[in-house]
Amino acid sequence: MTKIFVENQAYEVEDGQSLLHACLSLGFNLPYFCWHPALGSVGACRQCAVKQFRDEKDTRGRLVMSCMTPAIEGTRISIADAEAVAFRKGVVEGLMLNHPHDCPVCDEGGQCHLQDMTVMTGHDYRRTIYPKRTFRNQNLGPLLNHEMNRCIQCYRCVRYYREYAGGTDLDAFRLRNVVYFGRHEDGTLQNEFAGNLDEICPTGVFTDKTVKRHYTRKWDLQYAPSVCVHCGLGCNISPGERYGTLRRIVNRYNGEVNGYFLCDRGRFGYEFVNSPKRMRQPLLLKDGKPQPVAKARAMEHLASVLRGNKKVIGIGSPRASLESNFALRALVGPERFYSGLSNAGQRLTAAALEILRHGPARSPSLRQIEQADAVLVLGEDVTNVAPRMALALRQSVRQQPMRAADQLKIPHWLDHAVRELAQDQKGPLYIATPAATRLDDVATETYRAAPDNIARLGFAVARALGASAPEVSGLSEAERALAARIAEALKSAERPLVVSGTSMNSEAVLQAAANVARALFAAGRTASLSLAAPECNTLGVALLGGGSLTEAFKAVKSGSADTVVILENDLYRRAPAQEVEEFLSCVRHVVVLDSLATPTVEKAELALPAGTFAESDGTLVSSEGRAQRFFEVYVPGGDIQSSWRWLREIMLGAGQREAAAWQNLDDVVASIASAIPELAGVAQAAPSASFRIAGAKVPRAPHRYSGRTAMLANIAVSEPKPPEDPDSPLSFTMEGSPDQPPSPLIPFFWSPGWNSIQSLNKFQEEIAGPLRGGDPGVRLIEPPTGANGSYFTDVPNSFEPKAGQWLLVPLYHIFGTDELSCLAPAITELSPEPYVMLNPEDASALQVAEGVEVTVTVGGATHRLRIRIAPGIAKGLAGLPAGILPLEGAGLPAWSGISRA
Amino acid sequence: MEKVLTRYIQPDGVPLDARAYERAGGYESVRKALRMAPKDVTETVKQSNLRGRGGAGFPTGMKWSFVPTGPNAPRPKYLCANADEMEPGTFKDRLLLESAPHQLIEGMILAAYAIAADVAYIFIRGEYILAIERLQKALAEAYEAGYLGKNIQGSAFSLEMYVHASGGRYMCGEETGLLNALEGKRANPRTKPPFPQVSGLFGKPTIVQNVETLSNLPHIINNGPEWFKKLSKSEDSGTKLYGVSGKVKQPGLWELPMGTTIRELLEEHAGGMREGLAFRGVLPGGASTDFLTAEHLDVKMDFGGVQKAGSRLGTGTMIVLDDRTCPVGMVRNLEHFFAQESCGWCTPCWSGLSWSEQLLTSIEEGRGKPDDLEKLEFICKFCAPGNTFCALAPGAVEPLQSALKYFREDFGRHIQAQHCPWR
Ligand SMILES: Cc1cc2nc3c(=O)[nH]c(=O)nc-3n(C[C@H](O)[C@H](O)[C@H](O)COP(=O)(O)O)c2cc1C
Ligand code: SF4
Ligand code: SF4
Ligand code: SF4
Ligand code: FES
């Protein structure tokens with residue numbers, strides 16, 4: 001810590017950080033544009049000027065840019081100095097000379113950093129009378145609008161997009177006051193994190209295009225703290241609703257998890273909530289067709305099916321909350337509860353969980369992943385499976401090169417100085433996958449191989465690190481040398497990280513990853529091990545423990561079960577269609593709870609409409625092992641409610657009185673904690689429903705929320721009573737405490753004078769640090785770490801290509817693989833058509849060209865697919881897009897022939 | 001006066017080839033320096049008190065001393081000759097580039113040897129086509145003669161040298177903008193510190209030096225620092241290429257002792273004002289320096305002298321304003337140039353300079369408003385040193401701020417009459 005003086009008052013701040021960072025952390029209002037806590041300082045906009053004095057005697061001082069000046073012992077500055085105030089006001093005047101002042105029609109209005117800073121500096125009169133410069137806007141695809149006239153040339157967009165996110169198709173063109181921020185030509189922005197431009201850009205140049213179709217001002221939305229449901233990372237989000245539809249997603253900062261950024265799947269996938277495929281009423285099968293029925297009729301029917309029925313099983317879901325899965329487990333009994341994961345998913349998740357539980361290494365948070373200084377990725381296409389982690393890995397590759405900056409005493413926040421020094425040095429990052437990945441551009445080396453060989457490489461790295469790890473026989477010289485280089489890189493790092501996961505459906509890959517981590521501990525390194533999980537609650541449902549899908553199918557076949565309750569799960573995505581058909585036709589009663597009318601729902605005797613994440617409360621466990629609470633954003637229409645509430649009613653209808661005790665979410669959470677000790681921490685994920693701030697609830701809506709008394713006046717002129725929320729300390733109106741809530745309860749970021757997302761400065765303990773009181777979420781699994789314990793020894797044999805056969809491996813897509821986000825029109829537009837990917841040599845051996853139609857047989861079904869040729873895929877493999885119709889239930893890897901259609 | 005920089009320049013301007021250059025005494029300093037320790041070369045240059053001729057006047061030897069040396073110093077190290085010369089009114093490096101390319105190469109070898117650079121670039125204005133051709137020819141000859149490449153003149157010292165033609169922007173002449181441009185990036189300036197001497201081209205230690213500065217080096221090494229100091233008429237040592245442009249009888253460029261007065265340049269060398277024209281003012285050091293007026297004619301053209309008078313020596317190439325030329329129009333032209341050349345990085349510059357151009361244009365075209373001068377003054381303060389990221393904008397407003405001071409009445413007449421009195 002060091003002492004600085006602001007307006008002659010002494011303050012303790014962290015040594016060497018920028019004065020802007022220090023002042024904002026101290027709570028001062030100091031305007032800025034080009035600086036961003038995640039991007040550091042470049043000194044472009046000149047908005048953050050303060051007066052600096054040499055010592056107490058210096059009365060003249062000089063203007064300095066606070067973002068470019070380090071806080072060192074004795075630094076003396078004034079923010080209020082008249083010259084500094086006038087200069088900052090002048091900067092806004094300069095920025096506004098060409099700004100169109102079109103706030104009333106600008107999507108940024110009301111959440112605009114430029115508006116905020118303009119008011120903050122006091123600039124209110126524009127002295128120019130000349131024509132403004134104008135630009136042509138571009139069509140940047142379905143996700144983002146482009147309105148260049150509003151640009152203030154702060155360079156944040158290109159710095160974020162190119163330097164932070166690794167994008168290449170957005171750039172700054174031309175110079176002087178006509179710098180153009182766009183693509184070289186119209187077209188969809190290619191980077192998977194482009195959506196963050198909406199928040200990075202301090203004006204209305206880049207705004208969320210999906211919002212445009214149902215635009216609502218920030219202050220007119222109702223929010224809740226929520227968690228993204230589109231992959232296993234659990235990024236925190238603030239969804240906003242108005243008039244019963246979900247309007248947008250903005251980032252909800254969590255210092256340990258997503259920080260300032262989301263991926264585009266997470267930001268734009270929300271529209272599935274408004275999908276026409278939503279089920280809003282119970283459906284009862286009548287004359288072979290699902291017919292809407294009244295809730296009472298549905299419950300009666302259910303009671304008649306379930307009461308006294310001893311042959312009921314439940315199939316849970318990795319995309320349903322812990323509470324809903326637990327309620328299902330309570331309905332059917334733990335031994336009749338099945339996780340709902342695919343067979344491979346079940347096996348792999350169990351294996352991953354074993355590793356997470358017993359060590360050797362701790363699973364890092366995304367913040368820790370960013371700080372890893374050497375990384376080995378085994379089997380995961382990170383950008384497409386756990387997208388936000390890829391953005392973290394992009395920062396990790398800067399860790400080692402950044403050390404050179406320390407030698408020259410260049411602070412890490414002096415962004416361009418650090419980048420100019422480091423130039424293209426990156427890594428080490430080694431990526432072993434079957435096909436090319438979007439992180440290859442920052443990889444030290446890549447290795448393209450079949451899953452078994454990826455595992456073998458991992459085993460070989462472990463062996464190269466420590467002689468007690470199992471030997472790998474039959475490695476090529478090149479592979480052995482590569483393993484040695486990887487081992488050396490990991491061993492010489494301070495914070496080595498191994499990333500793997502369940503994507504390859506290979507236990508061997510997971511075990512190899514664990515071995516590398518163990519061997520690193522044996523070599524005296526504190527390694528961490530991150531295992532990606534595909535869905536938002538994969539780990540949660542695995543922690544509940546349940547049988548596999550095959551076991552569920554068997555239970556019905558064997559006659560020990562004849563009724564199944566399926567929770568938020570489309571079985572066609574979990575198993576080959578044939579098997580699912582067979583199962584569903586054997587079962588006497590099929591009851592499905594889901595938010596969407598899936599193919600499984602179509603087969604249900606009774607289907608009940610479940611709330612999506614936006615219409616329910618619950619807890620999800622991320623791949624890190626972090627339990628995080630999400631809250632209902634709005635009360636849905638129709639009979640929609642949280643699955644766990646449906647299940648509670650079903651239990652009561654079936655005579656299971658214990659469910660009566662579940663008055664609210666907290667009661668379900670308490671039952672979980674007492675039934676499963678490992679999940680006891682879940683209760684701490686957020687304050688309970690009885691929490692109040694000075695007797696008041698936390699408002700979901702901003703205090704400027706407008707039209708409340710009028711918005712339903714077309715139905716009845718008297719304003720209806722706002723809904724009660726028994727499950728959380730949040731109110732469904734703007735009424736409640738004006739104070740900052742505890743971090744897990746922050747519905748949206750706003751602070752007086754700070755209307756944009758950057759108001760979150762006011763919610764952090766320190767800028768870019770944790771939220772006040774700690775970041776949300778509770779880590780459930782803390783394994784013993786270290787080399788103790790034994791290595792996995794099942795080293796697979798080397799992959800042998802088969803003549804005329806290809807090993808079909810799953811390839812993942814940020815847009816396409818995830819079931820829910822695919823229903824958002826913008827994401828649908830970006831999803832690939834099904835294909836089969838071959839190496840050019842394999843393609844020429846088969847005599848097929850790009851786009852040629854071929855047939856592939858997988859899971860008993862034959863599909864016609866188009867050929868994609870990619871040099872990145874290993875020979876002997878054929879890549880199929882995972883989760884994309886009609887391949888969604890395929891159990892891969894599998895062997896198949898490929899023939900011309 | 002002893003010719004130094006122009007010593008090898010032939011009457012027809014065609015440069016000597018390597019042989020002829022050697023016969024005339026060229027490359028002698030290289031042989032001499034290679035027998036010296038690099039740090040002694042730096043020391044000699046330090047002692048000579050040579051200051052940079054690119055505009056800022058930074059002591060050259062001192063700049064070199066910040067470059068890390070020794071076996072642990074980062075490699076490769078770079079030397080860049082700044083031959084961008086895009087400032088209006090400045091045409092001095094062009095003479096050296098076109099007519100004495102070997103002298104520049106010789107100077108660069110010395111500088112590179114002193115800092116143990118491995119690679120050198122001549123970053124040259126793209127429009128200097130003749131100079132580029134001649135440099136390339138000279139470079140080939142120097143390689144041929146063993147002054148470049150591996151083990152120069154049998155020593156352990158090796159140096160590769162390249163000519164790089166600029167894409168063409170004024171900002172590419174700013175030393176860190178130059179480095180970005182050489183790396184193929186936008187010519188935005190870089191944060192200092194770290195200075196290029198420790199983290200420059202491709203993140204490695206780098207020295208950027210003006211062509212004229214470098215061309216002095218062979219003579220300093222050959223003749224010693226004391227000789228060099230004595231060449232001048234002032235505390236700043238050496239000779240200087242001075243230029244005069246504007247409506248004078250004989251615009252031109254002359255090598256003269258450092259510290260020659262404005263009057264001598266104007267009256268003796270440039271032959272005074274053209275018939276019927278009277279002197280009104282001068283930008284002494286190129287387009288980005290403050291006006292001086294008749295009261296300053298006896299100011300010595302050296303770093304300290306011009307500064308004391310309220311301007312800068314800059315590149316030492318003056319632009320003269322006469323009484324038949326509208327000062328508002330002249331400043332408008334200059335601000336048009338600077339506004340256009342703003343790299344677009346920092347707000348006061350990209351926004352302020354364009355605004356100043358709009359204001360000056362409207363004043364010149366008879367649409368000025370009484371409070372426009374206040375706005376122009378605001379822009380000058382807005383772009384003051386320290387308020388902007390690099391020195392372009394502060395330099396850009398120097399002619400404007402001094403015109404507002406010395407020719408304020410002329411601005412006022414434009415606004416009152418709503419037309420330009422010179423038209
Ligand atoms: C906008 C701008 C343009 C410049 N253009 C040139 C140039 O064309 N040639 C040059 O030698 N220096 C130029 N300079 C000065 C350089 O930044 C730098 O100070 C100089 O090259 C250092 O060499 P010296 O120490 O030998 O003078 C320019 C500076 C600025 C701010
Ligand atoms: S588009 Fe936005 S982020 Fe990019 S420079 Fe302009 S204002 Fe800044
Ligand atoms: S990385 Fe995963 S959790 Fe995060 S925003 Fe994207 S899909 Fe959602
Ligand atoms: S003053 Fe600013 S905008 Fe102007 S050239 Fe320098 S960095 Fe660029
Ligand atoms: S925030 Fe400091 S210069 Fe832009």
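Values below: every heavy atom of this structure, side chains too, minus hydrogens, waters and symmetry copies. A note on names: the letters A, B, ... follow the listed sequences, proteins ahead of strands, and every chain is numbered from 1.
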(request) State plainly whether the residues A:Arg88 and A:Asp81 are in salt-bridge range, i.e. N to O under 4.0 Å. (result) no
(message) For B:Phe378, which atoms come within 4.5 Å of any heavy atom of chain A: side chain, backbone, both, or neither?
(response) side chain
(message) Using 30° and 60° as the class boundaries, would you call the ring planes of A:Tyr32 and A:Trp35 parallel, tilted or perpendicular?
(response) perpendicular
(request) Would you mind checking which part of A:Gln423 comes under 4.5 Å of any heavy atom in chain B, side chain (CB onward), backbone (N, CA, C, O), both or neither? (result) side chain
(message) Report which part of B:Leu359 has an atom under 4.5 Å of a heavy atom belonging to chain A: side chain, backbone, both, or neither.
(response) both
(message) Please classify the contact between A:Leu95 and chain B as side chain, backbone, both or neither, with a heavy-atom cut-off of under 4.5 Å.
(response) both
(request) Using the six-membered ring wherever Trp is involved, compare the ring planes of B:Phe66 and B:Phe58 and label them parallel, tilted or perpendicular (cut-offs 30° and 60°). (result) tilted
(message) Quick check on the 6.0 Å ring-centre criterion: do A:Phe173 and A:Phe181 meet it?
(response) no
(request) Name the option with the most non-hydrogen atom pairs under 4.5 Å to chain B; the candidates are A:Pro131, A:Cys154, A:Ala417, A:Ala172. (result) A:Ala172
(request) Under 4.5 Å, counting heavy-atom pairs only, tell me which of A:Val91, A:Val179, A:Val64, A:Asn98 racks up the most with chain B. (result) A:Val91
(message) Both conditions, 6.0 Å and 45 degrees, for the charged tip of A:Arg174 above the ring of A:Phe135: are they met here?
(response) no
(message) Using heavy-atom distances under 4.5 Å, tell me whether B:Lys192 contacts chain A through its side chain, its backbone, both, or neither.
(response) neither
(request) Counting only heavy atoms closer than 4.5 Å, note whether A:Ile152 contacts chain B via side chain, backbone, both or neither. (result) backbone
(request) With a 4.5 angstrom heavy-atom cut-off, could you sort out which part of A:Leu97 is near chain B: side chain, backbone, both or neither? (result) side chain
(message) Using a strict threshold of under 4.0 Å (side-chain N to carboxylate O), is an ion pair present between A:Arg127 and B:Asp371?
(response) no
(request) For chain B, find which of A:Arg62, A:Glu93, A:Gln47 contributes the most heavy-atom pairs closer than 4.5 angstrom. (result) A:Glu93
(message) If only side-chain N and O atoms count, and only distance matters, is there a donor-acceptor pair under 3.5 Å linking A:Glu108 with A:Thr203?
(response) no
(message) Is A:Val42 in contact with chain B via its backbone, its side chain, both, or neither, using a 4.5 Å heavy-atom distance?
(response) both
(message) Among B:Ala384, B:Pro193, B:Ser362, which residue has the highest count of heavy-atom pairs closer than 4.5 Å to chain A?
(response) B:Ser362
(request) Counting only heavy atoms closer than 4.5 Å, note whether A:Ala86 contacts chain B via side chain, backbone, both or neither. (result) neither
(message) Quick check on B:Lys369 against chain A: is it the side chain, the backbone, both or neither that has a heavy atom closer than 4.5 Å?
(response) side chain
(request) If the plane angle is over 60° it's perpendicular, under 30° parallel, otherwise tilted; pick one for B:Phe389 and B:Trp345. (result) perpendicular
(request) Indicate, with yes or no, if the rings of A:Tyr130 and B:Trp355 have centres closer together than 6.0 Å. (result) no
(message) Check this for me, if you would: do B:Arg332 and B:Glu364 make a salt bridge, where the nitrogen-to-carboxylate-oxygen distance has to be below 4.0 angstrom?
(response) no
(request) Counting only heavy atoms closer than 4.5 Å, note whether B:Thr388 contacts chain A via side chain, backbone, both or neither. (result) backbone
(request) With a 4.5 angstrom heavy-atom cut-off, could you sort out which part of A:Ala49 is near chain B: side chain, backbone, both or neither? (result) neither
(message) With a 4.5 angstrom heavy-atom cut-off, is it the side chain or the backbone of B:Pro74 that approaches chain A, or both, or neither?
(response) neither
(request) Mind ranking B:Met171, B:Lys204, B:Arg186, B:Lys381 by heavy-atom pairs under 4.5 Å with chain A and telling me who comes out on top? (result) B:Arg186
(request) Supply the atom-to-atom distance B:Glu160 CD to B:Asp118 CG, rounded to the nearest 0.5 angstrom. (result) 9.5 Å
